[in-house]
Every structure is written in C-alpha cells, then in structure tokens.
Amino acid sequence: GNVNCLALGPKKARLMATGGEDRKVNLWTIGSPTVTLSLSGHTSGIDCVGFDESEEHVVAGSASGTIKLWNIDKAQVVRTLSGHKANISALAFHTYGKFLASGSLDTNVRLWDTRRQGCICTYKGHGGRIN
C-alpha cells in the first residue's frame with residue numbers, strides 16, 4: 001500500500017518510522033533496506049507518525065482519528081487516544097515527552113497527557129484542516 005508519512009528519530013537519527021494504507025507502522029534502521037520492526041493495531045490507514053525525544057516510543061495517527069503510542073523495545077501499544085472526529089494530520093511531542101499535541105482534519109488541536117491517557121485541552125478556532 002501507499003506510504004503516507006515518515007519521521008526520523010530525533011535522538012540519534014538512526015531510526016525512521018513510516019506509516020501507510022496497510023495500517024502498520026514500520027521502523028527502519030537508517031542504512032538498512034529491510035524493516036526492523038512492524039507495529040500493528042490501527043484499523044484504518046496511518047496519516048502521521050512521530051517519535052518522542054528519547055526514541056523509546058513511536059506514535060501514529062490514523063484516518064479514523066485514533067492515535068496509538070507504542071513502546072518500541074516491547075513492540076506493544078501502551079496508549080490508545082481517541083477524541084478526534086477525522087484524520088490525524090499532525091503530531092508533536094513536548095520536549096519532556098509526557099505530553100503530545102495532535103492536529104486533525106476536524107479543525108481541532110488536542111493536548112494529551114500520555115501517562116493518564118487523557119486529553120488535557122482541546123484548542124478550537126481553526127476554520128479548516130490542521131497540517
């Protein structure tokens with residue numbers, strides 16, 4: 001399927017994540033042509049991926065509006081964040097790693113506390129999609 005997004009790990013820049021229509025997040029080691037780890041769990045295509053500052057977690061936002069956070073070493077979903085009503089189009093971790101911002105085609109930005117699996121605040125005011 002199509003690859004919709006990619007992100008480079010911010011710490012050592014040796015990891016790359018890709019997401020696509022196959023509903024998987026693939027992790028790659030820079031310089032190696034084969035997938036290092038393939039993560040599943042989403043039920044729709046992935047539109048956005050990102051890493052936390054420590055590269056311990058990878059996050060992916062899907063066309064259904066759901067966000068999943070994986071622990072890379074354990075290769076398992078540690079959080080599923082729901083609340084957006086359309087595709088996730090932007091994701092960014094706070095520098096300290098416990099907070100995640102998401103933007104969506106539903107015109108909202110949400111700030112999440114990844115420790116307690118909750119939305120802290122919803123920012124409204126955009127008239128169109130958020131990239």
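The first residue in the sequence is number 1, and the count goes up from there. Treat the numbers as computed from the prediction; the structure is a model and nothing was measured.
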Which residues share a side-chain hydrogen bond (donor to acceptor under 3.5 Å, both in side chains) with [X], sequence neighbours left out:
X: Ser40; result: none
X: Arg23; result: none
X: Glu56; result: none

Quick one: does [X]'s side chain have a donor or acceptor within less than 3.5 Å of a partner on [Y]'s backbone?
X: Ser62; Y: Ser44; value: no
X: Ser104; Y: Asn87; value: yes
X: Asn71; Y: Asp73; value: yes

For a quick check under 3.5 Å, do Thr122 and Arg110 share a side-chain donor-acceptor pair by atom type?
yes

Do you see a donor-acceptor pair shorter than 3.5 Å between the side chains of Ser54 and Asp52?
yes

Can you find a heavy atom in the side chain of [X] that is under 4.5 Å from one in the side chain of [Y]?
X: Ile88; Y: Asp47; answer: no
X: Phe51; Y: Leu27; answer: yes
X: Leu100; Y: His94; answer: no
X: Ile46; Y: Val25; answer: yes

Residue pair [X] / [Y]: nearest heavy atoms and the distance that separates them:
X: Ser102; Y: Trp112; result: OG-NE1, 2.8 Å
X: Ala86; Y: Asp106; result: CB-N, 3.6 Å
X: Thr114; Y: Arg79; result: O-NE, 2.5 Å
X: Glu55; Y: Lys11; result: OE2-N, 2.8 Å
X: Ile72; Y: His57; result: CD1-C, 3.9 Å

Counterpart residues, ring pair (Phe, Tyr, Trp, His ring centres under 6.0 Å), relative to His42 (two or more places apart)
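Per chain and number, His42 pairs via ring pair (Phe, Tyr, Trp, His ring centres under 6.0 Å) with Trp70.
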
State yes or no: do Leu69 and Leu81 share one hydrophobic cluster built from I, L, V, M, F, W and Y residues joined by side-chain heavy-atom distances below 4.5 Å, directly or via other members?
yes

Are Val78 and Ile67 grouped together when hydrophobic residues (ILVMFWY) are joined by side-chain heavy atoms under 4.5 angstrom apart?
yes

Would you sort out whether Leu15 and Ile30 count as a side chain to side chain contact (heavy atoms under 4.5 Å, CB included), showing the intermediate values?
CA-CA 6 Å; Leu15 275 181; Ile30 301 297; over 6 Å; no

Residues two or more places apart in sequence or in another chain: which of them pass side chain to side chain contact (heavy atoms under 4.5 Å, CB included) with [X]?
X: Ser38; value: Lys24, Asn26, Val35
X: Thr80; value: Thr66, Lys68, Val77, Ser82
X: Ala75; value: Leu37, Leu39
X: Asn2; value: Asn4, Glu21

Any pair with a residue in residues 10-33 that passes ring-ring contact (aromatic ring centres under 6.0 Å, His included), sequence neighbours left out, goes on the list, sorted by first then second residue, please.
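Every pair satisfying ring-ring contact (aromatic ring centres under 6.0 Å, His included) with a residue in residues 10-33: there are none.
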
In chain order, what residues pass the salt bridge (Lys or Arg N to Asp or Glu O under 4.0 Å) check against Asp113, with sequence neighbours excluded?
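In terms of salt bridge (Lys or Arg N to Asp or Glu O under 4.0 Å), with neighbours along the sequence ignored, Asp113 is linked to Arg115, Arg116.
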
Can you tell me how far CE of Met16 sits from OG of Ser32, rounded to the nearest 0.5 angstrom?
10.0 Å

How many angstroms lie between atom CZ of Phe99 and atom CD1 of Ile120, to the nearest 0.5 angstrom?
4.5 Å

Which other residues belong to the hydrophobic cluster containing Val3, where Ile, Leu, Val, Met, Phe, Trp and Tyr are joined when side-chain heavy atoms lie under 4.5 Å apart, directly or via other members?
none

